[in-house]
Colleague: 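Next up is a structure, given as structure tokens.
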Amino acid sequence: MDVYGLLGNPVGHSLSPPMHEAAYEELGLEARYVTFEPDADRETLERAIDGARALGVRGLNVTIPFKRDALAFVEPDDLAERIGAVNTIDLSGSGTPTGHNTDAIGALRALRDHGVMIEGATAVVVGAGGAGRAIAFGLADAGATVSIANRTESTARDLADAVPEASGHGLEELPDLLAEADVLVNATSVGMEEDASPVPAEALRGDLAVMDAVYRPLETRLLREAADAGATTIDGAWMLLYQGVEALEIWTGEEAPVDAMNDALRARL
Ligand code: NAP
């Protein structure tokens, strides 16, 4: 029996166990996906990763609040190193575990899956926290010109300094930025707790593709207003799905059964 898992705090409402276990069943793998909730400090995180390795756990996802700190305890790939965060650890080798960031590729796959062309596109990422960083690097690496708008403008500017060809802005610049954009991604938590959007509805247009990283609720105010404007909308469960798909493929080397994972995820949202 192979064991995979999620390190986070809290992890109680995670959708990863049913999503990954649906894949194991579909692939005929004898495996389990378990959630672990260590105390939220670096020392405990290091012991948790070492302990998982000692116990033969083959792979870990990492979520809040450990994504940045986990970088210190793995051999990160180039993208995870540049993003500054790890959400997937491969423990199957004999040396130091390797660290990856599948949020970036997950966001790209979600967009491409909906027919969005990224190479040569002009993209606006709202938010410059963990999700915003991953999405901004992912889009820029795939050939988009990226503008990052954030409530705390200095954070957007700092991120833009690290992302190729990117620029950083305050939220008040969103209408001007969106007038030129092809793609908009919300990577803030706005819309999760309350019926609010970080983007003024008047700035949305029918020829935009709009993705929200928020997946609870699935239909955020931003996506509702984007649909009203005639835009293509992509909910946050697609990014969640594809970050899991990428993690599973890193761990098992098998092609992930995307439909089974998607069904398991959406049945719980
Ligand atoms: P984070 O690191 O805490 O960053 C939060 C971001 O939201 C920051 O840019 C912050 O701006 C902004 N923000 C928070 N409250 C705001 C408000 N009232 N008005 C404007 N901006 C506000 O969080 P994260 O890990 O990036 O997660 C962000 C969202 O993405 C969450 O909803 C999370 O569930 C979702 N997410 C989804 C996936 C997926 O697979 N679908 C993956 C990762 C994350 P400041 O810098 O000004 O504080």
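Counting starts at 1 for both ligands and their atoms, in listed order. If you're wondering where the values come from, they're calculated on a predicted model, not measured in any experiment.
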Colleague: Can you name the nearest heavy-atom pair linking Leu6 to Leu60, along with the distance?
Modeller: N-CD2, 4.4 Å

Colleague: Is the closest N or O pair between Asp103 and ligand 1 shorter than 3.5 Å?
Modeller: no

Colleague: Does ligand 1 have any atom sitting under 4.0 Å from a heavy atom of Ala187?
Modeller: yes

Colleague: Which atom names give the shortest non-hydrogen contact between Asn186 and Pro198, and what distance separates them?
Modeller: OD1-CG, 3.4 Å

Colleague: Starting from atom 42 (C) of ligand 1, find the nearest protein heavy-atom neighbour and note its residue, name and distance.
Modeller: Met239 CE, 3.7 Å

Colleague: Just jot down the ligand 1 atoms closer than 4.0 angstrom to any heavy atom of Val214, in number order.
Modeller: 32 (O)

Colleague: Counting non-hydrogen protein atoms only, what is the nearest one to atom 4 (O) of ligand 1? Give residue, atom name and distance.
Modeller: Gly129 CA, 3.5 Å

Colleague: Examine distances only and state if a side-chain atom of Asp235 and a backbone atom of Ala237 form a donor-acceptor pair shorter than 3.5 Å.
Modeller: yes

Colleague: Compare every heavy atom of Pro217 with every heavy atom of Gly191, then report the nearest pair and how far apart it is.
Modeller: O-CD, 3.3 Å

Colleague: Should one rank Ala110, Gly130, Gly132 by closest heavy-atom distance to atom 1 (P) of ligand 1, which comes out on top?
Modeller: Gly130

Colleague: How close does the nearest protein non-hydrogen atom get to atom 18 (N) of ligand 1, and which residue and atom is it?
Modeller: Arg151 NH1, 3.4 Å

Colleague: Given Asn150, Val190, Thr188, identify the one with the heavy atom nearest to atom 7 (O) of ligand 1.
Modeller: Thr188

Colleague: Got a second to check how far Glu225's CD is from Glu202's CD, nearest 0.5 Å?
Modeller: 8.0 Å

Colleague: If you count the atoms of ligand 1 from 1 in the order shown, which ones are under 4.0 Å from a heavy atom of Gly236?
Modeller: 41 (N)

Colleague: Please write down residue, atom name and distance for the protein heavy atom closest to atom 34 (O) of ligand 1.
Modeller: Met192 SD, 3.9 Å

Colleague: Among all protein heavy atoms, pick out the one at the shortest distance from atom 30 (O) of ligand 1; state its residue, atom name and that distance to 0.1 Å.
Modeller: Ala213 CB, 3.7 Å

Colleague: Go through the side-chain N and O atoms of Asn61 and Ser16 and say whether any donor and acceptor fall under 3.5 Å apart.
Modeller: no

Colleague: If hydrogens are left out, which of Val185, Asp235, Thr152 has an atom nearest to atom 45 (P) of ligand 1, that is, the closest non-hydrogen atom?
Modeller: Thr152

Colleague: Hey, could you give me the CD/CD distance between Glu153 and Glu172, rounded to the nearest 0.5 Å?
Modeller: 6.0 Å

Colleague: Which residue and non-hydrogen atom of the protein lie closest to atom 14 (C) of ligand 1, and at what distance in Å?
Modeller: Ser189 OG, 3.5 Å

Colleague: Counting from 1, what ligand 1 atoms have a heavy atom of Gly127 closer than 4.0 Å?
Modeller: 9 (O)

Colleague: Using 30° and 60° as the class limits, which term best fits the ring planes of His114 and Trp238: parallel, tilted or perpendicular?
Modeller: perpendicular

Colleague: Do we see a donor-acceptor contact under 3.5 Å between the side chains of Asp2 and Tyr24?
Modeller: no

Colleague: Counting only nitrogen or oxygen atoms and a 3.5 angstrom limit, does Leu171 reach ligand 1?
Modeller: no

Colleague: May I ask whether Gly106 has any heavy atom positioned less than 4.0 angstrom from an atom of ligand 1?
Modeller: no

Colleague: Is a donor on one side and an acceptor on the other found under 3.5 Å between the side chain of Glu21 and the backbone of Tyr33?
Modeller: yes

Colleague: Using atom types as modelled and distance alone, determine if a side-chain donor or acceptor of Asn150 lies under 3.5 Å from a backbone N or O of Thr155.
Modeller: no

Colleague: Which option out of Gly170, Ser154, Ala131, Ala107 puts a heavy atom nearest to atom 43 (C) of ligand 1?
Modeller: Ala131

Colleague: Report, in ascending order of atom number, the atoms of ligand 1 lying under 4.0 Å from any heavy atom of Leu240.
Modeller: 39 (C), 40 (O), 41 (N)

